[in-house]
Amino acid sequence: QVQLVESGGGVVQAGGSLRLSCAASGLSFSRRNMAWFRQAPGNQRDFVAAITWRDGRTACADSVKGRFTISRDNAKNTVYLQMTSLRAEDTAVYHCAADRFQNLALDTTGRAYAYWGQGTQVTVSS
């Protein structure tokens, strides 16, 4: 049974930092692209950042570029999202997602991801 469990969310003041973690089990983590998406109330789900399985190449949304960093630890089956200089507009539920096995393309739409976590709430107070 595949499980993606996010943690690390919370309430933080604007300008602060948080690190989200997503622990994966039940799948071949080291052979899957991983990503973070977020969804604020009343909004669509938005791409945040992704990292490839093959070479660790990353991509991130323009809105978080220079502030958020995605990384992975294959030994721990965990993907991270380091968030700095947080803004009120970063408030959302953050979900991690696991791609299909050995996908060579890095998807930012969400359509390629086979598994999703339940999410962790991030609230940035201004």
Side-chain angles (χ1 to χ4, degrees):
Q1 181 183 357
V2 175
Q3 282 193 310
L4 300 177
V5 180
E6 301 97 336
S7 61
V11 179
V12 62
Q13 287 190 330
S17 300
L18 283 175
R19 189 176 83 152
L20 305 184
S21 300
C22 172
S25 60
L27 51 67
S28 48
F29 179 84
S30 64
R31 296 302 183 99
R32 295 180 189 266
N33 300 331
M34 298 295 295
W36 288 93
F37 289 79
R38 67 187 181 185
Q39 187 166 20
N43 289 5
Q44 64 182 15
R45 182 182 63 198
D46 290 330
F47 169 73
V48 177
I51 185 166
T52 63
W53 65 271
R54 191 171 186 177
D55 54 9
R57 177 171 52 92
T58 63
C60 62
D62 287 343
S63 59
V64 306
K65 202 163 288 184
R67 301 188 299 123
F68 291 11
T69 304
I70 187 171
S71 62
R72 65 190 298 158
D73 185 339
N74 288 341
K76 295 183 178 180
N77 284 3
T78 300
V79 62
Y80 302 98
L81 185 68
Q82 179 68 50
M83 305 186 294
T84 64
S85 301
L86 283 161
R87 306 167 181 168
E89 54 263 39
D90 295 319
T91 295
V93 176
Y94 284 71
H95 299 268
C96 72
D99 202 344
R100 303 188 308 270
F101 184 68
Q102 293 189 168
N103 190 0
L104 296 180
L106 192 57
D107 177 74
T108 62
T109 68
R111 288 192 290 268
Y113 293 89
Y115 303 103
W116 295 81
Q118 291 297 309
T120 186
Q121 176 71 47
V122 172
T123 301
V124 184
S125 60
S126 55

Spatial distance of atom [atom1] ([X]) from atom [atom2] ([Y]) [nearest 0.5 Å]:
X     : Y     : atom1 : atom2 : value
Ser30 : Asp73 : OG    : CG    : 11.5 Å
Met34 : Thr52 : CE    : OG1   : 12.5 Å
Asn33 : Ile51 : CG    : CD1   : 9.0 Å

What is the minimum heavy-atom distance between [X] and [Y], and which atoms define it?
X      : Y      : value
Leu27  : Ala98  : CD2-CB, 3.9 Å
Leu106 : Ala59  : CD2-CB, 3.8 Å
Thr91  : Val124 : OG1-N, 2.9 Å

>> Are Val93 and Tyr80 linked, directly or through intermediate hydrophobic residues, by side-chain heavy-atom contacts shorter than 4.5 Å (ILVMFWY only)?
In response: no
> Does Ser126 have any side-chain hydrogen bond (donor to acceptor under 3.5 Å, both in side chains) partners at least two apart in sequence or in another chain, and if so, which?
Replying inline: none
> With Asp62, which residues qualify under side-chain hydrogen bond (donor to acceptor under 3.5 Å, both in side chains), at least two apart?
Replying inline: Lys65
>> Suppose the criterion is ring pair (Phe, Tyr, Trp, His ring centres under 6.0 Å): which pairs have a residue in residues 9-63, not counting sequence neighbours?
In response: Phe37-Phe47, Phe37-Tyr113, Phe37-Trp116
>> Under the salt bridge (charged side-chain N to carboxylate O under 4.0 Å, His left out) definition, can you give me all pairs with a residue in residues 43-56, not counting sequence neighbours?
In response: none
> Is a donor on one side and an acceptor on the other found under 3.5 Å between the side chain of Arg32 and the backbone of Ala97?
Replying inline: no
> How would you list, by chain and number, every residue that makes a salt bridge (charged side-chain N to carboxylate O under 4.0 Å, His left out) with Asp90, sequence neighbours excluded?
Replying inline: Arg38, Arg67
N/O donor to acceptor pairs below 3.5 angstrom from side-chain atoms of residues 3-23, sequence neighbours left out:
| residue | atom | partner | partner atom | Å |
| --- | --- | --- | --- | --- |
| Glu6 | OE1 | Gln118 | N | 3.2 |
| Glu6 | OE1 | Gly119 | N | 2.9 |
| Glu6 | OE2 | Cys96 | N | 2.9 |
| Glu6 | OE2 | Gly119 | N | 3.2 |

